[in-house]
Participant: 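Quick one: this structure, given as structure tokens, is what I'll be asking you about.
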2 protein chains.
Amino acid sequence: MNKKEIFSSFLKLRGFRFTPQRERVLEEAFSIHKHFEAEDLLVRIRQNGHRVSKATIYRTLALLIQCGLLREVIFGERHSHYEHTLGPKHHHLICLRCGKIIEFTDETIERVQQRVCEKHRFEPSQRRFEIIGYCENCAKHL
Amino acid sequence: MNKKEIFSSFLKLRGFRFTPQRERVLEEAFSIHKHFEAEDLLVRIRQNGHRVSKATIYRTLALLIQCGLLREVIFGERHSHYEHTLGPKHHHLICLRCGKIIEFTDETIERVQQRVCEKHRFEPSQRRFEIIGYCENCAKHL
DNA sequence: TTTGCAATTGAGTCTAAGTTTCAACTACAA
DNA sequence: TTGTAGTTGAAACTTAGACTCAATTGCAAA
Ligand SMILES: [Mn+2]
Ligand SMILES: [Mn+2]
Ligand SMILES: [Zn+2]
Ligand SMILES: [Zn+2]
């Protein structure tokens, strides 16, 4: 099942529709292979000769998160960033000085999550593990 | 060294001043023993018969985070929450339905952080580990 | 002490991400 | 075909938080 099928069946299941605008946002979101923000989608959709309103972009992003194709990541700015959920789960090192984002994976985190959720009878749907500090280069200039 | 000494020496070190307003914010922030937001401080300071402007509250919160007495926590709302850094480091389970926050501790997380930071030569100053999903009660109603 | 000066404050203004509203439009099923 | 419920975009709205600036304060040198 590809992204398009996942999204359209998610929508159909709840009586929502797979509209051209929603498909446009889906396509554009997955043509970016790094972290992106809502504004990026707006600009790129325009550049590709299409038009989807700001409201619809925000509404569609929320749906893509709900259906699990996207995840919201938080980098300490006052607006959201998004990334694909496909591929191995990873987490972030965030540099306070230059804004650099380093991704890392760690398989023990998954076990920690399972243990904690079991203990508290909590049903997880996503997680955030972010270490904030200074990258190698910026640590020198401190 | 108590909070007041930590804060005032942090300020003095950088040529800043330990003013009555900053002391007021410090006191009020530490009289709350749970997560709080900027607005909470404003209201409580007024209720206690004092007055500190919104601008000064935000400015002081930033200083308290810089000096390590407070930490910003993110609960998926569009404004920040804060908590004390004293006591054992803990993390959060966040319920998407009722907003309940469950705190948990896990000693392996610290080791993961050390390992990752060493590998990437990253100088950590804080971290966030948040599991988002549904609490025991809300999972039923899903 | 006085004086000089940088730090600080608060009132008000501004910003911008994201949300809401609503009238027009669309898909679809009876 | 018609009824109904979902969708859209433009514009107005919301709001946390940042910024501006004139007035005030704290401190340290003279
Ligand atoms: Mn990432
Ligand atoms: Mn907490
Ligand atoms: Zn850096
Ligand atoms: Zn709940």
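Numbers restart at 1 for each chain; the letters A, B, ... are given by sequence-line order, proteins then strands. None of the values given here were measured: they were computed from a predicted structure.
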Participant: Establish whether the base of dG18(C) is bridged to the side chain of K54(A) by a donor-acceptor pair shorter than 3.5 Å.
Facilitator: yes
Participant: Rounding to a whole Å, what distance do you find between L11(A):CG and dA27(C):P?
Facilitator: 15 Å
Participant: Can you check the E72(B) CD to dG17(D) C1' distance for me, whole Å?
Facilitator: 11 Å
Participant: Using only side-chain N and O atoms of S53(A), determine if any of them is under 4.0 Å from OP1 or OP2 of dA10(D).
Facilitator: no
Participant: How long is the line joining NZ of K12(A) and C1' of dG6(D), in whole Å?
Facilitator: 14 Å
Participant: How would you label the contact of R17(B) with the nucleic acid (heavy atoms, under 4.0 Å): base, sugar-phosphate, or nothing?
Facilitator: base
Participant: Which word best sums up how the rings of H84(B) and F36(B) line up, parallel for under 30°, tilted for 30 to 60°, or perpendicular for over 60°?
Facilitator: tilted
Participant: Show your working on salt bridge (Lys or Arg N to Asp or Glu O under 4.0 Å) between R127(B) and E130(A) and close with a plain yes or no.
Facilitator: CA-CA 5 Å; R127(B) 70 162 175 265; E130(A) 288 155 6; over 6 Å; no
Participant: Name the closest nucleotide to the R22(B) side chain, picking from dG17(D), dT8(C), dG9(D).
Facilitator: dT8(C)
Participant: Between dG17(D), dT9(C), dT19(C), which nucleotide gets closest to the side-chain atoms of T56(B)?
Facilitator: dT9(C)
Participant: Relative to each other, are the rings of F75(A) and H35(A) parallel, tilted or perpendicular (30° and 60° limits)?
Facilitator: perpendicular
Participant: May I ask you to say what R59(A) touches in the nucleic acid, namely base, sugar-phosphate or nothing, with a heavy-atom cut-off under 4.0 Å?
Facilitator: base
Participant: Measure from the side-chain heavy atoms of S80(A) and tell me the nearest of dG9(D), dG18(C), dG26(D).
Facilitator: dG18(C)
Participant: Closest approach to the side chain of A55(A), judged atom by atom: which nucleotide of dT19(C), dT20(C), dT9(C) is it?
Facilitator: dT20(C)
Participant: Run the side-chain hydrogen bond (donor to acceptor under 3.5 Å, both in side chains) check on T56(A) and Q21(A) step by step: do they pass?
Facilitator: CA-CA 8 Å; T56(A) 295; Q21(A) 288 89 337; over 6 Å; no
Participant: For R14(A) and dG6(D), give me the distance from atom CZ to atom P, rounded to whole Å.
Facilitator: 14 Å
Participant: Take the angle between the ring planes of F104(B) and H91(B) and call it parallel below 30°, perpendicular above 60°, tilted in between.
Facilitator: tilted
Participant: Report yes if a side-chain nitrogen or oxygen of Y58(A) is closer than 4.0 Å to either non-bridging phosphate oxygen (OP1 or OP2) of dG18(C); otherwise report no.
Facilitator: yes
Participant: Please report the distance, rounded to the nearest Å, between CG in L63(A) and C1' in dT7(D).
Facilitator: 11 Å
Participant: Rounded to the nearest angstrom, tell me the gap between atom NE2 in H79(B) and atom C1' in dA17(C).
Facilitator: 15 Å
Participant: Would you classify F16(A) as touching base, sugar-phosphate or nothing, given that sugar-phosphate means primed atoms plus P, OP1 and OP2, and contacts are heavy atoms under 4.0 Å?
Facilitator: sugar-phosphate
Participant: L42(A) CG to dA16(C) P: how many Å, rounded?
Facilitator: 15 Å
